[in-house]
Visitor: 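Okay, handing you the structure first.
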Amino acid sequence: MIITPYLLTFLIGYLGLKALMPHRCFNVALTVCLSSLLGIAESIFICFFGLILFNRFHWPFIFTMHIVEIALLVIITRKSLCQVSLRKLFNRDTLVFSIMILFCGTIAWLYARPFPYGGWDAWAIWNLKSKFLALGGADWKNMFDPALICSNTHYPFALPLFNAWTWSFIPGTPQIVPLANAVIFNMILGGLIFGFLKDQLNTNWAVMPVLFLFMIPAYMIYLSSQYADIFISLFFIASLFAVYKAHLTKDNTLLIAAGIFLGLLSFIKNEGMALAGIIFLTSHFYLLKRKDKTTALKIFWLSTVIAGIPTLIFLFFLKPENLVFINGLLSETNPTNIFRLKNILLFFVAEFINIKWTFFWCLILLIGILNSKSLFKKEFVIFYTSLGCYLIIIVLNYFINTYYEILWWLPSSLSRVLGAVIPGIIIWACLAIFKKDTPAE
Amino acid sequence: MKIPSFKNLWQKRNVVITVIFTAILAFNITQSYSKITTLHNKTKQRPSYNFIGNQFEPLRPIFNHVEKVGYLTDHTLENPIFLAHFSQTQYTLSPTILDLNNSDHEFVILHYKNQQTAINKILSLKMIPMTTSSSGIILAKKINKK
């Protein structure tokens, strides 16, 4: 029973991907990972609308909607489903991918198992909200109660909805489920990085960056802590991939996928909202250059707005007041100042050279110096503009919000915030170094 | 011996990056191995994971359909240990909300430095102690005035 929600989610995602792009043939890694992410996004949207309609986490409705959607998608995709050949699946690429995601899952499990309740934010924010959704019935909105000030009540709740969905078919709220979800997200992350690079570089050596990433102990501790940051990483690189690939292939169906990923990204947490906004804007560097820009823009805007409906409903009707925000620019009691900015910038430098990252940032700096020309090619505009804008927004957030003592806030959050975009940086660096100039498909 | 020109070296820059990448990867593999081993040795020494909130698991049935419970403490929550205590208790008992330092509820959890202080507090609030956890945290209930 425990695997039922995962199976339904994957099926919805796989069939959704087939329905969206019947003629596009991704590599196995991309097919599996994009299907999983599309499925996760669709399951979360169904859970959210169930919550709004019935004012409770109504799992019979959610289950029925999954079944109905699967049935509809099977009807829509029956032709392309008949063409799927299982024999084609058994090849070296599939073997490499399978070994790699098993490796990612094992490493994540080894890090996660000693801490079944995850890290601090897992029990104080994400899993706590999940329990309010799963057990709270009609009182689920109590998760916005000001008494829960330590739980960032103003955050959206995509991850808690997914946790609640995966708890649906078993009694209670066993801790093994969020733990398993964290491991599964790690496997998808490894697979997605591999799939993205394999798609662009056409080599199985694309496993090396994944191996590198999963061997950074500090990073793995964050990834396996049941936090929402890995969720941000997943939808961040999925939306980057969809926009970038849409640019290369001029395929508008990829823009629909990009819109769905961005919508979900904005529903994860505030950093996700900022990232989604940034990617949405920076995508226009590609879209405005296209000959069919009117159609492309319409499709992209429409899909993003539709997928962003949960975020809009949350922002306008559900979001409680942010109790942990003081505008330091206007506040007389907690004003921000130049020393705060100095501390922030110094801390960024200290973070980049911190030994816990085992020279990761130094390597990125070296790549930046030696390959600056290829890193900043127009083709990669979405990577450097989104990452640059994100960095600026993060610095501004630390600077303007003076609710927290900066010398406490930075050490307790910056690594996680930067960690969420590391997969994007790795993909960008690998593409810049190894991708040969090829004409667009 | 022919000294390679700067141009030649520049063309080989990605080889330099690959060599450094491999060296860091090798270093990281050893780091990961030692980190995972340390984590698992710690787990072996302390087999049951010390999640403070677990001691409240038996109280969950009492709080069925109870929206809020008071949580009184004389510990400062600026100390991460006591904040963890509070947060983990909140997690275990959710969807019941712990109302910090508010005794105006039917049930109140008291986490005091000294148990006698906690008992005096219970008496002053006209409550009765229901149960005590292994770490001395007391659950008290208001006396019905029937």
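Residue numbers start from 1 in every chain, and the chains themselves are labelled A, B, ... in the order their sequence lines are given, proteins ahead of strands. Computed from a predicted structure; not experimentally measured.
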Visitor: With a 4.5 Å limit on heavy-atom distance, are the side chains of B/Leu100 and A/Ile149 in contact?
Guide: no

Visitor: Is any side-chain heavy atom of B/Leu39 less than 4.5 Å from a side-chain heavy atom of A/Leu110?
Guide: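 No, side chains not in contact.
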
Visitor: Taking the six-membered ring for Trp, are A/Tyr117 and B/Phe51 parallel (under 30°), tilted (30 to 60°) or perpendicular (over 60°)?
Guide: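 The arrangement is parallel - the two ring planes meet at less than 30°.
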
Visitor: With a 4.5 Å heavy-atom cut-off, do A/Met220 and B/Ile36 have their side chains touching?
Guide: no

Visitor: Mind listing the closest non-hydrogen atom pair of B/Pro80 and A/Trp120 along with its distance?
Guide: O-CH2, 3.4 Å

Visitor: Roughly how far, to the nearest 0.5 Å, is the CD1 atom of B/Ile29 from the OG1 atom of A/Thr358?
Guide: 11.0 Å

Visitor: Search all heavy atoms of B/Arg13 against all heavy atoms of A/Leu370 and return the closest pair with its distance.
Guide: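 Here B/Arg13 and A/Leu370 meet closest at NE-O, 2.6 Å.
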
Visitor: Which value, rounded to the nearest 0.5 Å, describes the distance between B/Ile17 atom CD1 and A/Phe434 atom CZ?
Guide: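 It is 7.5 Å, given to the nearest 0.5 Å.
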
Visitor: So do A/Pro114 and B/His40 actually touch side chain to side chain, heavy atoms under 4.5 Å?
Guide: yes

Visitor: Under a 4.5 Å heavy-atom cut-off, does chain A meet the side chain of B/Thr22, its backbone, both or neither?
Guide: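 For B/Thr22, no heavy atom lies under 4.5 Å from chain A.
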
Visitor: Do the rings of A/Phe212 and B/Phe21 sit parallel, tilted or perpendicular, given the 30° and 60° boundaries?
Guide: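 Rings of A/Phe212 and B/Phe21: parallel, under 30°.
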
Visitor: Rounded to the nearest 0.5 Å, what's the gap from NZ on A/Lys131 to OG1 on B/Thr92? Could you check?
Guide: 5.5 Å

Visitor: Verify the neighbour count for atom CG of B/Asp104: are there more than 12 heavy atoms of other residues, nucleotides or ligands below 6.0 Å?
Guide: no

Visitor: Would you mind telling me which of A/Ala147, A/Pro217, A/Pro146 has the largest number of heavy-atom pairs within less than 4.5 Å of chain B?
Guide: A/Pro217

Visitor: Would you say B/Ile81 has more than 12 foreign heavy atoms packed within less than 6.0 Å of its CD1?
Guide: no

Visitor: Taking side chain as everything from C-beta outward and backbone as N, CA, C, O, which of these in B/Leu98 sits under 4.5 Å from a heavy atom of chain A? Side chain, backbone, both or neither.
Guide: backbone

Visitor: How about B/Phe27: does its CZ atom have over 12 heavy atoms from other parts shown lying under 6.0 Å from it?
Guide: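 Yes, the 6.0 Å shell around CZ holds more than 12 heavy atoms from other groups.
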
Visitor: If every non-hydrogen atom of A/Phe132 is compared with every non-hydrogen atom of B/Ser94, which pair is closest and at what distance?
Guide: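 So the two residues come closest at CE1-CB, 3.8 Å.
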
Visitor: Once you round to the nearest 0.5 Å, how far does CD of B/Gln90 lie from OG of A/Ser151?
Guide: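 B/Gln90 atom CD to A/Ser151 atom OG measures 6.5 Å (nearest 0.5 Å).
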
Visitor: Rounded to the nearest 0.5 Å, how far does NZ of B/Lys68 lie from CG of A/Asp145?
Guide: 3.5 Å

Visitor: I'd like to know which of A/Ile216, A/Thr173, A/Leu148 tops the heavy-atom pair count under 4.5 Å against chain B.
Guide: A/Leu148

Visitor: Let me know if A/Trp140 has heavy atoms under 4.5 Å from chain B in its side chain, its backbone, both or neither.
Guide: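 Contact with chain B: none, neither part.
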
Visitor: Chain B heavy atoms under 4.5 Å from A/Ile369: which part of the residue, side chain, backbone, both or neither?
Guide: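 For A/Ile369, backbone heavy atoms alone lie under 4.5 Å from chain B.
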
Visitor: Quick one, B/Asn28 and A/Phe214 - any side-chain contact, counting heavy atoms below 4.5 Å?
Guide: no

Visitor: What residue in A/Leu366, A/Leu133, A/Asp139, A/Asn127 has the most heavy-atom pairs under 4.5 Å with chain B?
Guide: A/Asn127

Visitor: I'd like to know whether B/Asn14 forms a side chain to side chain contact (heavy atoms under 4.5 Å, CB included) with A/Asn371, so could you lay out the CA-CA distance, the side-chain angles of the two residues, the decisive distance to 0.1 Å, and finally the verdict.
Guide: CA-CA 8 Å; B/Asn14 288 340; A/Asn371 284 286; 3.1 Å; yes

Visitor: Side-chain contact, heavy-atom cut-off 4.5 Å: A/Tyr111 with B/Ser32?
Guide: yes

Visitor: Which distance, rounded to the nearest 0.5 Å, do you find between the CG of B/Leu25 and the CZ of A/Phe359?
Guide: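 Between B/Leu25 CG and A/Phe359 CZ, I get 13.5 Å after rounding to 0.5 Å.
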
Visitor: Considering only heavy atoms, which portion of A/Met208 lies under 4.5 Å from any heavy atom of chain B: side chain, backbone, both, or neither?
Guide: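 The answer is both parts of A/Met208.
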
Visitor: Select one option (side chain, backbone, both, neither) describing which atoms of A/Glu405 are under 4.5 Å from chain B's heavy atoms.
Guide: neither

